[in-house]
Each structure stands twice: as structure tokens, then as C-alpha cells.
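For reference, the structure discussed in these notes is given below.
Hydrogens, waters and symmetry mates are skipped; everything else that's a heavy atom, side chains included, is used.
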Amino acid sequence: MPKIIELAPSSKWVELRTTKADWKKADPKLLGTLLTHMHLIRAFEETVVELAMDGLVHGPAHCSIGQEGGAAGSIVSLTVADQINGSHRGHHQFLSKALGYIMPGGVDPKQKLSTEVDTLLQRTLAEIMGLSQGFCRGRGGSMHLRWAEAGVLGTNAIVGGGVPMAAGAAWSHKHAGTDAVAVTYFGDGAVNIGSVLETMNLAAAWKLPLCFFIENNRYAVATHVEEATAEPRLSARGQAFNIASWKVDGMDPLAVHMAMEQALKHMRAGHGPAIVEADVYRYFHQNGGFPGSAFGYRSKEEEQAWRQRDPLDMMGEQMILRGLITAKEITSLRERLQASMKQAIAALTETDPDGKRGKKRIRPELWPSADFRDVGVRGDLSELEGLRTEEEATYQGQLEERKFIDAVADVMARRMETDDGVVVLGEDVHRLKGGTNGATRGLKDRFPDRVLGTPISENAFSGLGGGVAMDGRYKPVVEFMYPDFMWVAADQVFNQIGKARHMFGGDINMPLVLRSKVAMGTGYGSQHSMDPAGIFATSPGWRIVAPSTPFDYVGLMNTALKLNDPVLVIEHVDLYTSSGQAPVDDLDYHIPFGKAAVRRSGNDLTVLTYLSMVAHSLEAVEQTRVDAEVIDLRWLDRASIDWATIGASIQKTNNVLIVEQGSLGTSYGAWLSDEIQRRYFDWLDQPVQRVTGGEASPSICKVLERAACARTEEVVEALHASMREQGVNGDKA
């Protein structure tokens, strides 16, 4: 018979309920502030529903009527330095945090609100309607609300997608030595998502001041929480990660406030993250102005029972009992806020001259101009002005033969030495004498608090890096041990980091560098061997650099770290052990932005390539004696590629061969060849030719792996074929 030992969780998990005594001793100013915040949210959300039903909101309108108590209760205690982000249903949190920013000392519900509040309501409504005066210039709509000055990092349409970004803000607060915290809001639907659970683990391991605020409104669209999980008390998740957790009635704003006060005390004292679960209820369907019962997934009786627990009514009744306000004064507050919303509607709409009587339309002059479409996908590059640039061919300093991997490690050490904002994070970057390849050699010893070895959780740590970048105080260098892992973190890499600048209005910075290595030929198989260039090149927001020499690596990494955009720096394992000319004592120069390098001049064929295939292409040209011009692209993304050098070469040779090593399906050359034929069709004597690997990903089998990727032999074959097609004898070149 085995001995059974009962185990207990390491962290506390409590449910907090208010008593009559709590209501009696609650600060009158606090209660008045909570009441005003909730009524402002309610008036705003009722207006949004009305406009949505009239067809004046394009896209979803996820209103939070019924959930005001959770937002106001958790936010009125936050400082201006504290930051929040949220989910697709985030109007209430945005408004409460913004109102707290405008009126940090609290709000008297009996007094008229300032014109600043009217402006807040109008700008928020304008954003939801997609208008240029909105906080994100109309790009965010209902689901992407950001106001950095007020501490709103941005709400998020991807369920759970913003949670890792909030961890980045929390890390920045902690690293800066402040007691500020971050609060990330999400619902019952997000609790079971990997990015949320990964971030809980990471935040707990690193003791980040991050509050995971769960609004448990019991339905993910129409799926009930008890259908989705065997533990519907969602704050129980904290027990798995040793996170102190509170469960509270979200329809009781004072209870939410008291739980949040305890959570804030815990976080500000340096004890790590907290979870607050608030049981709330959305009175309407997932989107729009109809109740859930209209769609058959909940009953009218259930909805009525929750409406009888309206947080606005509870707060009003308690304040009336204490003689702090009268029913008439509450009615006056509601009417004033409704009048403010009517004023906002009047500023944004007008009578539709072509519509039915009483029909309104959005004022045409308030729409963003169509030419604003692509503005802010990337930055304007002003940060690069005045940089010292060098090319190896004209460099005046001392050079010596060095290994490529040494240049990788040395330039990162130099940047961390000269810039306290540079932070390195990834799996094993702090171990194994510099990670799995030595790229971070010696950094942990020299900069122990800025070299962060992460759990195996690409979603969490890449998103955290994105949050750090958005914070603006630090420059994260994130390492993916293999680029295939980007698929694990695809939401954070593409939906969050890549889109954030544009999505939130076009004027925020995202200075993040993502390092990864192409490992074809190492025997690591299908899930560790991809070339990510083709995927990133077709994803908006990212810049891409691909160094092929030690000298270029130093300069390209330096330029990447200066950019205010996310930059993918691709490396190749074949290059790590190769040697080339590198500076002896100068690690501060930059490779010119968007400039390719002509590695060999020629007249018959333009070869466009990058990374290890530069050397393979040069070798193939030498073997075939084709008079080819070999161009090392270096900068690969749409906005950075050197069309001037490419175009001049094509107009000389009238013939193009694109050489890459990776799989056909995710090929970078597919995009590049299409663009070349659009730009230079009249100069081409034949279609653009391409060298790629096979359709399948490389296998672990040595023979099949070699068959799956391109090297010198495939380039030789392509050179001969290209010359035959053009009628040129390569042997005479």
C-alpha cells in the first residue's frame, strides 16, 4: 500500500467578498469616482451600440455593458505610471484608465466634467468609427485602442495576444527600478490559450509586476466556460505557476477595488505577478446590440438575474444608503454623460442627404485620406541620420582574418558595453558559453541583468520582447534558436510585433532585433532547417538583413540596432565556422542602410543571392566561367532592398538568376522574381531564373537533406541552363 502525501499549493488563492462594514468605511471620494467611471462607460457603450445598430460602426462593436465594475474597480487605484492592455472587448478599461489620467485625483459625480473628458469621449468614439481624429487615426477601431500617455498600451483583437506584450512592459518597469506595474485584461476564452499560460509561467519565474486580470463573463462568444474547462474557477490557474490569486465578484466594484489593492501591494513589494478573477456578465451578445438569448445560447431568465445585479445600481444604492448622493443626483450624472455622448455624435455625424428621414451619416471630411493606407508600416529612418558607414572594400582601419561567429559575439558585446538599453533574451543564451553556437559568448558574465535565459516558450518571450520594445526604454535582441520556431510564436511575431506600429496609428516605435540561424546541412531535419526570409519578406512591418561576411555582420547588426523597426537578422551555420576579413579594434561602424554589395562584376547574367549562397554562387561562377555579376543583397525586405544596384545590373545583363538555399514553398525568390518582372520586364531577355531547394523540408537523412537544399552544384547547373536559354556559351565568358 503506497503512502499518500497530500500536497498544497505554494501561493495563496483566496476569494474576497465585501461586508457591510467595508461599505460603511469606504472613502466617499473613492465611491464617487467608481460611480462616475462606471456611468461614463455605460453612457459611452450605449452610444456605441446605438451607432452600430444604425450601421455607423464598420466592423465589430464589442461593448462591455454589464462589465463596468471590473474595469473601474481595478483601475481607479492605478497611477499614471502603471500601464494596461486588453482584449477585443476593451472600451471600458480604456475609458477608465484614460479618465484616471485626465482626473488622477478622483471624480466628484455631482460636478460637471471637464471639456477634456468630452474630448476623450469624442476621440474614443471617433476611433471606434474609424475616423482620423481617433487615438489610432481610425486604424484601430473598436478592438485596437491605444493612448500611450494615459498608460494604455493597446487593446488587441487576438484573444490572449496582448498578454506577452504586457509582460514586456512589466519587465521594463522592474528593470528600471520603479514600482510601476502592468495589468493585462482578458476573458475566460483566453485563459486556456498558450500565450497566456506561457506568460504566467515566465512572469512568475522572473517575478514581474504583472497583474493577469481575468474578466470571467462566462461565455467565449456562445461557448460556456464550463464547456471549455474542467476548472471554471479560472484564478485556479495561478496555483500551477505559484502566482498569488484573488477571486472576486466583478459586479461588486468595491470588492474588485479591494482585491486589486491587495494585488497591487503584492506586486509593488517585489513579490511577482498576481491574478485577479472577476465574475462579470456582458449583457449583450459578443458583438452588437442584441442579447445572447436572441441567439439561443443563454436564457432570458439568466440574463435577467444578472441584470438585477447591475454594478451601477449597487454602487448607487450603497452611496444613497450612506447619504453620499441622491437618486436625483445619480440621474443628473447619467443625463450629463448622455448629453456629452450626444455632443460627440453631433461632432462626428450629420444628416444623410440621400437617406431616409432621421438617417445619419459620418461627416465625409472626418475619414482618413486613402493615401494614409501604408503610412507607418515602417519608420521614416530619421534615426539613421549622421551614422558613420563603411564598406569593406574602402575601409581604412586594420583588418584581420577572423571567424564569423567571433564577429557575432564581439559586436553584441560592444553594443551592450556602449548602450545600457540593449537586452538579450532567448533559450540558453546565458549558458553553454554563449548559447548553442557561441553567439552570446561572455555576455552573461559582463551583463548579468541584461542577458535573460528564457523558458522554452517562444510566444511568451518574443511577445515580452515586443512589449519591451514598445516601452521605448530598452532595445531587445531576441534569439530564436532555429527560425522554424517562428511558427510557434507566429502571433507575436507577425500579428503583434510586425503590425503594431501601423495598427496603432503609424507613429510608435518597435526597436526589436530578432536573431536566428539557417541550419540546413546540420542534420536537424524538417523542423529546424528553414530559411525564414520568404515568410518575413511577405509580412508587413519587418526589415530583414542577411550578412555573408564577418565585416558585414558587424555593420549590419549595428545598423539593425539603430532602427526603430523590428529587424530580422538571419545567420547561417555554415558561415559561423568560416573566416573572413574583420576589423581588429573597430566595432562601431554601420553598413549603409538598404545597400547591396556587388561581389563580382559581370556582363552576361545578374546573380542575386544572400547568406552562404553568396560563396556558393561565386564558386559556381568560377567553375563555369560565366561572366556573371554576383550581388549580395544584404537587405532583403521590400522597403530596404537595393533596387538601384539591382536595376543597374539588370539593364546591363538583361538576365537574372536568383539563388537561395531553402525550400521552394517558402522561397524568398518567388516574391523577388515577381517584383523584378514587374519593374524590369522590358529589360529582360528571358524570364527570371531561380535556384532553390526542393519542395519538401530537409530530412534528417544525410542524402535526402542534401537533395533538399541548394549548394554550388545547383548553381552551376542553373548557370549553364540560363546561358543556354539566352544562347550564350558560358565557356567563352
Residues, nucleotides or ligands: over 12 heavy atoms within 6.0 Å of Glu695 CD: no
By ring-ring contact (aromatic ring centres under 6.0 Å, His included) - contacts of Tyr482 (at least two apart): Phe485, Tyr524, His528
Within residues 564-577 or reaching into it, pairs that qualify as salt bridge (charged side-chain N to carboxylate O under 4.0 Å, His left out) - sequence neighbours excluded: Arg501-Asp565, Arg515-Glu571, Arg543-Asp565, Asp574-Arg711
Enclosure of Leu432 CG (heavy-atom neighbours >12, cutoff 6.0 Å): yes
Backbone N/O of Ala489 and side chain of Ser462: donor-acceptor pair under 3.5 Å: no
Test item: Phe504 and Trp147 side chains (from C-beta on) under 4.5 Å apart, heavy atoms: no
Contact list for residues 449-463, test salt bridge (charged side-chain N to carboxylate O under 4.0 Å, His left out), sequence neighbours left out: Asp420-Arg450
Heavy-atom neighbours of Arg388 CZ exceed 12 at 6.0 Å: yes
Sequence neighbours excluded - salt bridge (charged side-chain N to carboxylate O under 4.0 Å, His left out) pairs with any residue from residues 589-599: Asp552-Arg599, Lys595-Asp642, Arg599-Asp632
Where Met520 and Met530 come nearest, the two heavy atoms and their spacing: CE-C, 4.1 Å
Residues that Arg441 engages under side chain to side chain contact (heavy atoms under 4.5 Å, CB included), provided they are two or more places apart: Asp406, Ala409, Asp410
Test ring-ring contact (aromatic ring centres under 6.0 Å, His included) applied to Trp671 - qualifying residues, sequence neighbours left out: Tyr668
Polar side chain donor-acceptor pair, His502 to Arg373, under 3.5 angstrom: no
